[in-house]
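Since this is a predicted model, take the numbers as computed values, not measurements. Basis for what follows: all heavy atoms, side chains included, without hydrogens, waters or symmetry-related copies.
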Amino acid sequence: MFAVFLSLLSLLIPQDSAEIVFAGDAMQHQRQIDAAKRPDGSLDYSPYFTSLAPYISSADFAVVNLETPLGGAPYSGYPIFCAHDNYVDALTESGFDLILTANNHILDRRDKGVRRTIATLEQKKVPYIGVYRNKAHRDSILPMIHDINGFKVAFLNYTYGTNGITKKTDIEIDYIDKTRIASDIRNARANGAEIIAACMHWGDEYKLLPNASQKSLAKFLADSGVELIIGGHPHVIQPMELKINESTGRPCFTVYSLGNFISAMRTTDTRGGAMTRVKLARDIFGKAYVADASYRLVFTEPSTGQGSNFRLLPAESKELHPSLELYRKGFIRNATDIFNRHNVNVPRDTSSILRPTPLPILGGM
């Protein structure tokens with residue numbers, strides 16, 4: 001039925017389209033900081049994303065979750081994260097256009113760290129969403145609507161909590177609250193948003209399937225008209241679904257968790273994650289809709305000593321250090337098993353990373 005629906009929508013040509021890439025949690029553990037240090041004391045992240053940069057930058061827009069504040073020196077990993085400002089440069093130079101900041105670690109350096117994160121991103125002219133200096137600042141940023149190849153796409157970002165740390169000043173953090181979310185959705189629509197993407201920091205860590213709360217909140221978002229629901233936080237992948245929402249009659253793409261984008265975590269399932277590529281199109285009446293989606297698996301190669309740094313690679317890469325082969329195979333096996341059993345209309349992208357295959361309007365379902 002879904003493929004038939006999309007076939008009917010694609011009857012009118014030519015048809016505008018746009019592609020958005022979403023990535024998971026960009027972590028910064030102490031082992032990453034140590035490996036990035038250079039003899040002159042600087043921190044170098046330049047090798048991190050070079051292998052994935054063609055895939056990221058080939059999209060019309062790309063989004064990633066920065067799961068650490070930019071609180072200034074001293075830099076630290078778990079449990080109180082704080083990354084060097086150069087980390088953001090590595091992300092944006094690889095092609096990311098929007099940084100998500102509403103996550104459970106954003107208050108790790110307290111209110112001062114939030115304010116410095118905001119100031120740093122603004123100084124670097126990097127768009128961000130999820131935290132704000134105060135309510136007036138939030139009101140000046142939201143609704144955040146980007147024109148992506150002529151599609152007006154609104155982005156929202158919320159977190160379930162901040163590890164029990166509470167703010168002490170008037171900074172604003174977007175926590176998951178249905179009343180606030182519903183108001184933000186209405187505001188986005190009223191300001192011309194054709195597509196709404198809600199990026200959610202939710203779920204149970206290290207669980208490969210979504211919990212009841214995630215499913216309930218995803219239904220609320222879809223019923224409220226959100227077309228893109230992109231999840232993170234569990235640090236492992238969880239299923240993806242592209243389905244017609246019964247309440248709206250429109251396609252809705254839900255990702256329960258993209259897992260880690262890059263990290264120093266060492267269990268089989270946390271060493272990698274997924275990126276997803278979404279295609280937007282217009283129907284016969286010119287109305288924007290989610291036409292297709294695919295995923296690509298990525299895998300982190302940690303420092304192998306002798307001054308080497310961390311790298312993010314396509315999971316199928318043959319460049320990986322031999323000592324990691326069992327972990328790579330185990331990650332791919334587990335992730336593929338979950339996606340094959342639970343994904344709905346979201347296939348794996350196995351095309352060359354240098355030339356990602358354009359997603360077809362019809363979805364190839």
Side-chain angles (χ1 to χ4, degrees), residues 21-57 59 61-131 133 157 232 235 258 260-265 271 273 275 298-313 319:
V21 160
F22 292 92
D25 301 334
M27 311 295 294
Q28 187 68 173
H29 291 93
Q30 189 62 49
R31 288 201 302 142
Q32 293 172 264
I33 295 170
D34 293 343
K37 288 180 181 176
R38 294 297 170 255
D40 63 359
S42 64
L43 277 79
D44 176 24
Y45 299 101
S46 58
Y48 262 44
F49 310 115
T50 53
S51 294
L52 271 300
Y55 178 82
I56 299 165
S57 60
F61 200 81
V63 183
V64 64
N65 173 48
L66 178 65
E67 192 145 349
T68 171
L70 305 170
Y75 308 110
S76 56
Y78 182 83
I80 304 297
F81 288 105
C82 182
H84 192 282
D85 298 350
N86 287 352
Y87 193 36
V88 170
D89 295 332
L91 289 166
T92 57
E93 288 168 7
S94 69
F96 286 107
D97 302 289
L98 177 64
I99 299 291
L100 307 175
T101 62
N103 56 67
N104 59 306
H105 285 288
I106 190 59
L107 271 176
D108 280 6
R109 286 293 177 91
R110 307 310 196 265
D111 298 34
K112 183 178 179 181
V114 169
R115 287 194 295 270
R116 190 183 182 283
T117 300
I118 292 170
T120 301
L121 293 172
E122 290 180 345
Q123 186 271 328
K124 293 178 179 292
K125 295 180 169 47
V126 179
Y128 65 92
I129 192 171
V131 296
R133 291 189 180 88
N157 180 209
H235 301 301
L258 288 170
N260 286 330
F261 184 50
I262 193 168
S263 79
M265 293 186 176
R271 286 179 180 261
M275 302 177 70
V298 297
F299 190 83
T300 297
E301 179 184 70
S303 168
T304 53
Q306 299 178 340
S308 68
N309 211 331
F310 278 63
R311 293 192 302 164
L312 188 69
L313 298 169
E319 300 177 26

Taking all non-hydrogen atoms of both residues, which atom of [X] and which atom of [Y] are closest, and how far apart?
| X | Y | value |
| --- | --- | --- |
| Arg31 | Pro302 | NH1-CB, 4.2 Å |
| Phe49 | Ile262 | CE2-CG2, 3.9 Å |
| Gly24 | Val64 | O-CG2, 3.6 Å |
| Ser76 | Arg109 | OG-NH2, 3.3 Å |

Show which side-chain atoms of residues 101-108 pair as donor or acceptor with protein atoms under 3.5 Å away, not counting sequence neighbours.
residue : atom : partner : partner atom : Å
Thr101  : OG1  : Ile129  : O            : 2.9
Thr101  : OG1  : Val131  : N            : 3.2
Asn103  : OD1  : His105  : N            : 3.1
Asn103  : OD1  : Ile106  : N            : 3.2
Asn103  : ND2  : Asn65   : OD1          : 3.2
Asn103  : ND2  : Leu66   : O            : 2.9
Asn103  : ND2  : Thr101  : O            : 3.4
Asn104  : OD1  : His201  : NE2          : 2.9
Asn104  : OD1  : His233  : ND1          : 3.4
Asn104  : ND2  : Asn163  : OD1          : 3.1
His105  : ND1  : Asp108  : OD1          : 3.4
His105  : ND1  : Asp108  : OD2          : 2.8
Asp108  : OD2  : Phe81   : N            : 2.8

Taking the six-membered ring for Trp and the single ring otherwise, decide whether the centroids of Phe261 and Phe22 are under 6.0 Å apart.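 No, too far apart.
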[Y] and [X], any side-chain heavy atoms less than 4.5 Å apart:
| X | Y | result |
| --- | --- | --- |
| Phe96 | Ile56 | yes |
| His84 | Ile33 | no |
| Arg116 | Pro69 | no |
| Ser303 | Asn309 | no |
| Val21 | Val63 | no |

For [X] and [Y], indicate whether the former's side chain and the latter's backbone hold a donor-acceptor pair under 3.5 Å.
| X | Y | result |
| --- | --- | --- |
| Asp25 | Gly232 | no |
| Gln32 | Met27 | yes |
| Asp40 | Ser42 | yes |

Say you draw a straight line from [atom1] of [X] to [atom2] of [Y]; how long is it, rounded to the nearest 0.5 Å?
| X | Y | atom1 | atom2 | result |
| --- | --- | --- | --- | --- |
| Tyr48 | Leu312 | OH | CG | 10.0 Å |
| Ser263 | His235 | OG | NE2 | 8.0 Å |
| Asp44 | Arg38 | CG | CZ | 5.0 Å |
| Asn157 | Leu98 | CG | CG | 8.0 Å |
| Glu301 | Arg271 | CD | CZ | 11.0 Å |

Where does the angle between the aromatic ring planes of Tyr78 and His29 fall among parallel (under 30°), tilted (30 to 60°) and perpendicular (over 60°)?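 Ring orientation, 0 to 90° scale: tilted.
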Evaluate Phe310 against Thr300 for side chain to side chain contact (heavy atoms under 4.5 Å, CB included), listing each step before the verdict. CA-CA 7 Å; Phe310 278 63; Thr300 297; 3.8 Å; yes
Tell me, which pairs form a side-chain hydrogen bond (donor to acceptor under 3.5 Å, both in side chains) where one or both residues lie in residues 88-100, sequence neighbours left out?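 Sorted pair list: Asp89-Lys124.
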After noting the C-alpha distance and the side-chain angles of Tyr128 and Leu100, does the key distance pass the side chain to side chain contact (heavy atoms under 4.5 Å, CB included) rule? CA-CA 6 Å; Tyr128 65 92; Leu100 307 175; over 6 Å; no
Run the numbers on Glu122 and Arg133 for side chain to side chain contact (heavy atoms under 4.5 Å, CB included), then give the verdict. CA-CA 12 Å; Glu122 290 180 345; Arg133 291 189 180 88; 2.4 Å; yes
Quick one: do Leu313 and Glu319 satisfy side chain to side chain contact (heavy atoms under 4.5 Å, CB included)? Show the steps, please. CA-CA 8 Å; Leu313 298 169; Glu319 300 177 26; 4.3 Å; yes
Using the test side-chain contact (heavy atoms from CB on, under 4.5 Å), find all partners of Ala83 that sit at least two apart in sequence or belong to another chain.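 In terms of side-chain contact (heavy atoms from CB on, under 4.5 Å), with neighbours along the sequence ignored, Ala83 is linked to Gln28, Thr68, Leu70, Tyr87.
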